[in-house]
2 protein chains.
Amino acid sequence: MPPAPSASSRAHDLHATASQRLRSDGQRYTTNRRALVALLDTTDHPVTIAEVLTLRAGLAQSSVYRNLAVLEQAGVVHRVVANDEFTRFELAQDLTEHHHHLICSACGAVADFIIEPHLEASMADAFAPGGEQTGFLTEHHRLDLVGHCADCR
Amino acid sequence: MPPAPSASSRAHDLHATASQRLRSDGQRYTTNRRALVALLDTTDHPVTIAEVLTLRAGLAQSSVYRNLAVLEQAGVVHRVVANDEFTRFELAQDLTEHHHHLICSACGAVADFIIEPHLEASMADAFAPGGEQTGFLTEHHRLDLVGHCADCR
DNA sequence: ATGAGTGCAAAGGCTTTGCATTAGG
DNA sequence: CCTAATGCAAAGCCTTTGCACTCAT
């Protein structure tokens with residue numbers, strides 16, 4: 001495995017990639033969209049719309065919804081569905097690192113975590129064929145652990 | 001592994017268990033609640049509220065929401081979060097068979113499926129310790145495959 | 001100049017709640 | 001009997017949409 005890129009080079013790649021994917025989708029990489037991508041790059045967990053509005057006061061709520069939808073369509077961000085009523089967003093996993101989620105069933109908090117590579121590989125092997133048997137074409141898998149976070153134990 | 005129980009004995013166990021869990025929670029096993037459990041026992045996928053109202057016309061919408069919440073609290077049913085805006089419910093997996101979900105990213109459909117026992121075991125082994133490292137207490141894991149169903153391929 | 005993007009406000013749609021009535025134990 | 005459960009309707013809340021204005025190309 002190559003060493004992790006530095007923060008600055010990763011940020012450069014990130015915005016360059018985001019811009020490119022939006023262009024391919026006929027969309028512009030505007031100031032607001034860049035701000036959203038930059039924000040998602042700073043967090044270690046998927047963020048809710050409310051968090052976005054708090055962390056980046058000044059963004060219009062409707063623009064946040066619309067831009068996250070555009071970014072999702074372009075494959076830059078990914079919609080995360082947890083246990084509560086709030087939709088969360090994170091950077092697409094091919095822009096970060098493939099990971100999974102710890103979901104607190106008490107407070108709804110979501111944190112990222114990574115599993116051992118060999119288990120990840122086992123799952124990758126097992127799932128594609130499993131899906132095909134039923135006429136289902138697998139795009140990706142979603143593995144979450146549901147339990148209680150440190151604050152709610 | 002013991003042979004699967006017959007449908008009738010399983011139904012008996014199911015309702016007896018449901019009743020018992022509700023009692024433990026200070027709740028009654030009413031006609032409507034029994035109807036919900038019976039309905040969930042007939043499906044091979046988690047059902048939305050809309051499906052419940054269609055399949056069991058006559059149940060009041062608010063009662064369905066309230067009773068599913070009560071049944072969830074008592075550990076009889078389980079809330080399933082997929083990719084769309086609809087909440088789905090299924091029987092708790094200790095009343096059925098541990099399984100996973102195929103989620104169609106196009107139409108939102110959810111189907112049940114089962115993975116190989118050895119992989120299931122690998123995951124069970126890997127997850128509990130992985131969670132503890134971060135102060136997270138794992139209750140259960142959630143593994144879904146997201147892709148396109150036969151109708152949407 | 002010209003269409004995409006933005007912000008504000010209003011509308012939508014799933015879900016929850018209030019309250020009077022009914023039924024379970 | 002007496003409390004919990006039910007049904008209907010209204011309210012809540014996250015999310016989406018309409019529309020006029022602004023900005024980038």
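A note on names: the letters A, B, ... follow the listed sequences, proteins ahead of strands, and every chain is numbered from 1.
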Looking at the side chain of [X], which of [options] is the nearest nucleotide?
X      : options                  : result
R33(B) : dG25(C), dC8(C), dT6(D)  : dT6(D)
T31(B) : dT6(C), dC14(D), dG24(C) : dG24(C)
E85(A) : dG3(C), dG13(C), dC14(D) : dC14(D)
S63(B) : dT6(D), dC14(D), dG7(C)  : dT6(D)

Determine whether a donor-acceptor pair (one donor, one acceptor, N or O, separation below 3.5 Å) exists between the side chain of R23(B) and the base of dG25(C). no
Check against side-chain contact (heavy atoms from CB on, under 4.5 Å), L59(A) and L36(A): CA-CA 10 Å; L59(A) 293 187; L36(A) 287 173; 4.1 Å; yes
Specify the separation, in whole Å, of atom [atom1] of [X] and atom [atom2] of [N].
X      : N       : atom1 : atom2 : answer
I49(A) : dC14(D) : CD1   : P     : 11 Å
F89(A) : dT15(D) : CZ    : P     : 8 Å
E72(A) : dT15(D) : CD    : C1'   : 14 Å
N83(B) : dT15(D) : CG    : P     : 14 Å
L53(A) : dC13(D) : CG    : C1'   : 14 Å
D84(B) : dT15(C) : CG    : P     : 9 Å
L68(A) : dT6(C)  : CG    : P     : 11 Å
R88(B) : dT15(C) : CZ    : P     : 10 Å

I want to check one thing: is the phosphate of [N], taken as OP1 and OP2, less than 4.0 Å away from some side-chain N or O of [X]?
X      : N       : result
T87(A) : dC14(D) : no
Y65(B) : dT15(C) : yes
N67(B) : dT6(D)  : yes
N32(B) : dG24(C) : no

When all nucleic acid strands are considered with a 4.0 Å heavy-atom cut-off, which category describes [X]: base, sugar-phosphate, or nothing?
X      : answer
Q27(A) : sugar-phosphate
S62(A) : base
R66(B) : base

Axis-to-axis angle across the helix from dA1(C)-dT25(D) to dG25(C)-dC1(D), five pairs an end, to 10 degrees?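 End-to-end axis angle for the helix from dA1(C)-dT25(D) to dG25(C)-dC1(D): 30°, rounded to 10°.
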For the aromatic rings, using the six-membered ring if either is Trp, is the centroid distance between H98(B) and H140(B) under 6.0 Å?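 No, ring centres 6.0 Å or more apart.
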Q61(B) or T30(B), whichever maps to the more 5' nucleotide of DNA chain C: Q61(B)
Is the shortest side-chain N to carboxylate O distance from D84(A) to R79(B) below 4.0 Å?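 No, D84(A) and R79(B) are not salt-bridged.
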Minimum heavy-atom distance between A92(A) and G75(A), given as atom pair plus value: CB-O, 3.3 Å
Using modelled atom types and a 3.5 Å cut-off, is there a donor and acceptor pairing between side-chain atoms of H100(A) and backbone atoms of L143(A)? yes
For the backbone of R23(A) and the side chain of R28(A), can you confirm whether one donor and one acceptor N or O come within less than 3.5 Å of each other? no
Passing candidate, side chain to side chain donor-acceptor pair (under 3.5 Å) with Y29(A), options R34(A), H15(A), R21(A):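 Option passing the side chain to side chain donor-acceptor pair (under 3.5 Å) with Y29(A): H15(A).
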